[in-house]
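To start, the structure under review is shown below, and the notes come after it.
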Amino acid sequence: MLVAEMKHQKLHQSWACRGGSTTSSALLGLILLVSSGMMVLVSSQTQDGALDSSDPILVNLTLVKNAKETGALCLDGTPPGYHFLKGFDSCSDNWLIHIEGGAWCSDVQSCNVRKDTDLGSSKQMEHQVPFIGILSNLPSDNPDFFNWNKVKVRYCDGASFSGDVKEAKTDGTTLYYRGERIWKAVMEELLHKGLATAKKALLTGCSAGGLATYIHCDDFKALLPNVETVKCMADGGFFLDVKDISGRRYMHDFFSDVVHLQDIGKRFPNCISKMDAAKCFFPEEIIKSINTPVFILNSAYDSWQIRNVLAPESSDPSNLWTNCTSNINNCNSNQMKVIEGFRATLLDNISDVKQKKDWGMFIASCFVHCQSIYKITWHTPYYQRINNKSIAESVGDWYFDRREVKIVDCSYPCNPTCLSDGY
């Protein structure tokens with residue numbers, strides 16, 4: 001059963017739900033401490049109505065009920081899980097769902113290794129995780145979503161919540177490829193916990209979770225037909241189908257293995273009638289059929305993709321790219337030309353988004369991967385800013401329709417607010 005310590009609650013912050021602007025006032029903070037079925041009411045007077053502590057809140061793991069009956073299982077057969085922090089005050093009817101990332105497994109051997117980690121088994125998952133960045137409940141760190149209901153969905157299927165295979169037995173080992181069922185089971189449970197009566201909702205995810213956000217965005221909208229505003233924000237999930245430094249389409253081949261292992265092609269029937277199933281797993285194809293408004297948060301110099309898609313170790317046997325991929329400042333002029341080509345491909349793949357009125361984008365020039373899940377990259381006065389706006393402010397402006405947000409940063413190394421490389 002979920003136990004969450006509700007700290008830093010702030011009264012009368014309806015501006016966050018309306019998408020207005022903050023005002024500073026001395027308010028009474030009410031803190032609900034829910035533990036062992038007991039509720040304790042504590043008051044604390046501060047300038048902004050919050051506790052003085054700025055420590056991130058720790059949120060307990062909840063395992064999905066009836067997972068075995070529905071077949072919604074992690075790779076090792078354990079029930080999937082999520083962390084749920086209740087919203088409060090005027091935003092208690094708004095929901096933010098974040099899908100965890102963590103790459104993929106592409107064959108029985110790698111999935112067999114993965115099933116013994118927190119990315120394949122709920123037995124290995126942390127019982128508590130800190131909610132920071134877009135999940136933070138501090139208005140200073142997360143101005144527009146701090147008091148929403150927030151959920152972190154744990155990732156344990158190895159294929160961005162998109163596979164559905166009855167079971168796979170190999171050499172006496174049983175692996176469960178059930179990401180699609182996990183998605184449905186978690187959503188069903190959250191609908192019963194209040195998501196069904198939400199006023200506003202935002203689906204987000206990072207990396208492989210960002211890819212899952214693209215895949216399930218319209219599914220999410222379909223679950224909430226009466227909700228006023230439903231949108232999606234994918235962070236670091238726009239993986240590119242490009243040739244690597246050796247001329248191979250490394251990521252395409254890798255995704256092909258993932259897709260065939262978990263029979264993902266059936267999820268994209270219209271796409272696979274036109275091209276190979278692996279291509280359909282890339283966001284450049286997925287976004288063509290999404291009807292729900294989406295915000296694309298990505299770096300044009302994504303550090304994970306430069307290391308693993310553009311210059312994977314297997315394509316660099318002489319280690320000529322090692323220094324470059326560890327720190328973009330170390331790249332020579334020829335390597336930067338290749339990297340600039342990578343950036344150009346990303347911009348070309350999302351060029352049509354500029355014509356979609358309800359969509360948004362924040363394409364940074366920093367050497368970084370996943371920017372919404374860390375305080376320092378999500379919302380600080382000094383880092384990861386474009387046009388003097390943080391990512392949090394930009395996403396909030398887009399979500400609440402305060403302004404159109406389609407931002408593409410200038411080429412590296414033009415932005416002085418970038419963190420030192422590879423965060």
Testing the 3.5 Å rule here: is there a donor-acceptor pair between the side chains of Asn415 and Ser365? no
Could you list the residues that satisfy side chain to side chain donor-acceptor pair (under 3.5 Å) with Asn308, not counting sequence neighbours? none
Asp409 and Cys414: which non-hydrogen atoms are nearest, and at how many Å? OD1-SG, 4.1 Å
How many angstroms lie between CD1 in Ile306 and CG in Leu310, if you round to the nearest 0.5 Å? 6.5 Å
Quiz item: cation-pi between Arg114 and Tyr155, 6.0 Å / 45°: yes
Could you pull out all residues at least two apart from Ser136 that satisfy side-chain contact (heavy atoms from CB on, under 4.5 Å)? Leu138, Asp141, Asn142
May I ask you to decide if Val59's main-chain N or O and His83's side chain share a donor-acceptor pair within less than 3.5 Å? yes
Between Ile373 and His98, is the side chain to side chain contact (heavy atoms under 4.5 Å, CB included) condition met? List the steps. CA-CA 9 Å; Ile373 60 173; His98 176 82; 3.4 Å; yes
Quick check: does any side chain N or O of Ser299 sit under 3.5 Å from a backbone N or O of Cys366, one acting as donor and the other as acceptor? yes
Determine yes or no for a side-chain-to-main-chain donor-acceptor pair under 3.5 angstrom, with Arg249 supplying the side chain and His252 the backbone. no
Minimum side-chain heavy-atom gap Asn137-Asn147 below 4.5 Å: no
Test: salt bridge (charged side-chain N to carboxylate O under 4.0 Å, His left out). Region: residues 318-347. Which pairs qualify, not counting sequence neighbours? none
Sequence neighbours left out, what passes salt bridge (Lys or Arg N to Asp or Glu O under 4.0 Å) with Asp397? Give chain and number order. Lys389, Arg402, Arg403
Main-chain N/O of Ile134 paired to Ser372 side chain as donor or acceptor, under 3.5 Å: no
What heavy-atom pair brings Met187 and Leu195 nearest, and what distance separates the two atoms? SD-CD2, 4.4 Å
Do the non-hydrogen side-chain atoms of Phe238 and Phe282 ever get within less than 4.5 Å of each other? no
Using only heavy-atom distances, determine whether the side chains of His369 and Ser303 contain a donor-acceptor pair under 3.5 Å. no
With a 3.5 Å distance limit and no angle check, can you tell me whether Asn149 reaches the backbone of Asn94 through a side-chain donor-acceptor pair? yes
Partners passing side-chain contact (heavy atoms from CB on, under 4.5 Å) against Ala72 (at least two apart in sequence or in another chain): Thr70, Arg181, Ile182, Ala185
Which pair of heavy atoms, one from Pro143 and one from His379, lies closest together, and at what distance? CD-CD2, 3.7 Å
In Å and rounded to the nearest 0.5 Å, what is the CG to CG distance from Asp164 to Asp263? 8.5 Å
So do the side chains of Glu126 and Leu61 get within less than 4.5 Å of each other, counting heavy atoms only? no
What residue pairs, at least two apart or across chains, pass salt bridge (charged side-chain N to carboxylate O under 4.0 Å, His left out) with a residue in residues 91-109? Asp93-Lys199, Glu100-Arg154
Does Ser390 offer a backbone N or O that forms a donor-acceptor pair with the side chain of Glu393 under 3.5 Å? yes
Measure the CZ-CG distance between Phe131 and Leu96 for me, rounded to the nearest 0.5 Å. 9.5 Å
Is it the case that the side chain of Tyr399 and the backbone of Thr229 share a donor-acceptor pair, with hydrogens and angles ignored and the cut-off at 3.5 Å? yes
Please check this pair: side chain of His260 against backbone of Ser256, looking for a donor-acceptor N/O pair closer than 3.5 Å. yes
Where is the tightest heavy-atom contact between Leu63 and Glu189, given as atom of each residue plus distance? O-OE2, 3.9 Å
Any sub-3.5 Å donor-acceptor pair from Ser122's side-chain atoms to Gly81's backbone N or O? no
So, taking the atom named CZ in Phe220 and the one named CD1 in Ile99, what distance separates them when rounded to the nearest 0.5 Å? 8.5 Å
Selection residues 217-235 - residue pairs positive for salt bridge (charged side-chain N to carboxylate O under 4.0 Å, His left out), sequence neighbours left out: Lys200-Glu228, Asp219-Arg267, Lys231-Asp401
Could you report the tightest heavy-atom contact between Val294 and Trp398, atom names first, then the distance? C-CZ2, 3.6 Å
Inter- and intrachain pairs under disulfide bond (SG atoms under 2.5 Å apart), touching residues 222-260, at least two apart: Cys217-Cys232
Verdict with supporting geometry, Cys324 and Asn332, side chain to side chain contact (heavy atoms under 4.5 Å, CB included): CA-CA 8 Å; Cys324 173; Asn332 61 41; over 6 Å; no
Heavy atoms, side chains only, cut-off 4.5 Å: are Val309 and Asp244 in contact? no
Residues 313-333 vs ring pair (Phe, Tyr, Trp, His ring centres under 6.0 Å), sequence neighbours excluded, gives none
Got a sec, which residues hit side chain to side chain donor-acceptor pair (under 3.5 Å) with Ser160, two or more places apart in sequence or on another chain? Trp104
Phe281 ring center within less than 6.0 Å of Phe255 ring center: yes
Just by distance, with hydrogens left out, do Ser121 and Asp76 show a side-chain donor and acceptor under 3.5 Å apart? yes
Could you tell me whether Arg307 and Glu313 have a side-chain N and a carboxylate O separated by less than 4.0 Å? no
Give, for atom CD1 of Ile339 and atom CG of Asp302, the distance between the pair rounded to the nearest 0.5 Å. 11.5 Å
Between Cys105 and Leu75 the two heavy atoms that sit nearest each other are SG-CD1, 4.1 Å
Hey, what's the ring geometry for Phe145 with Trp148, parallel, tilted or perpendicular (30° and 60° as the breaks)? perpendicular
Enumerate the disulfide bond (SG atoms under 2.5 Å apart) contacts for residues 113-160, please, sequence neighbours excluded, ordered by first and then second residue. Cys74-Cys156
Got a sec: does the NZ of Lys123 have more than 12 other heavy atoms crowding it under 6.0 Å? no
Go through Leu202 and Phe295 one step at a time and tell me if the side chain to side chain contact (heavy atoms under 4.5 Å, CB included) criterion holds. CA-CA 10 Å; Leu202 177 63; Phe295 191 95; over 6 Å; no
Restricting to pairs with a member in residues 348-359, which pass salt bridge (charged side-chain N to carboxylate O under 4.0 Å, His left out), not counting sequence neighbours? none
Check whether Tyr301 reaches the backbone of Tyr412 with its side chain - one donor and one acceptor, N or O, closer than 3.5 Å. yes
Pair Tyr383 and Trp378, ring centroids less than 6.0 Å apart: no
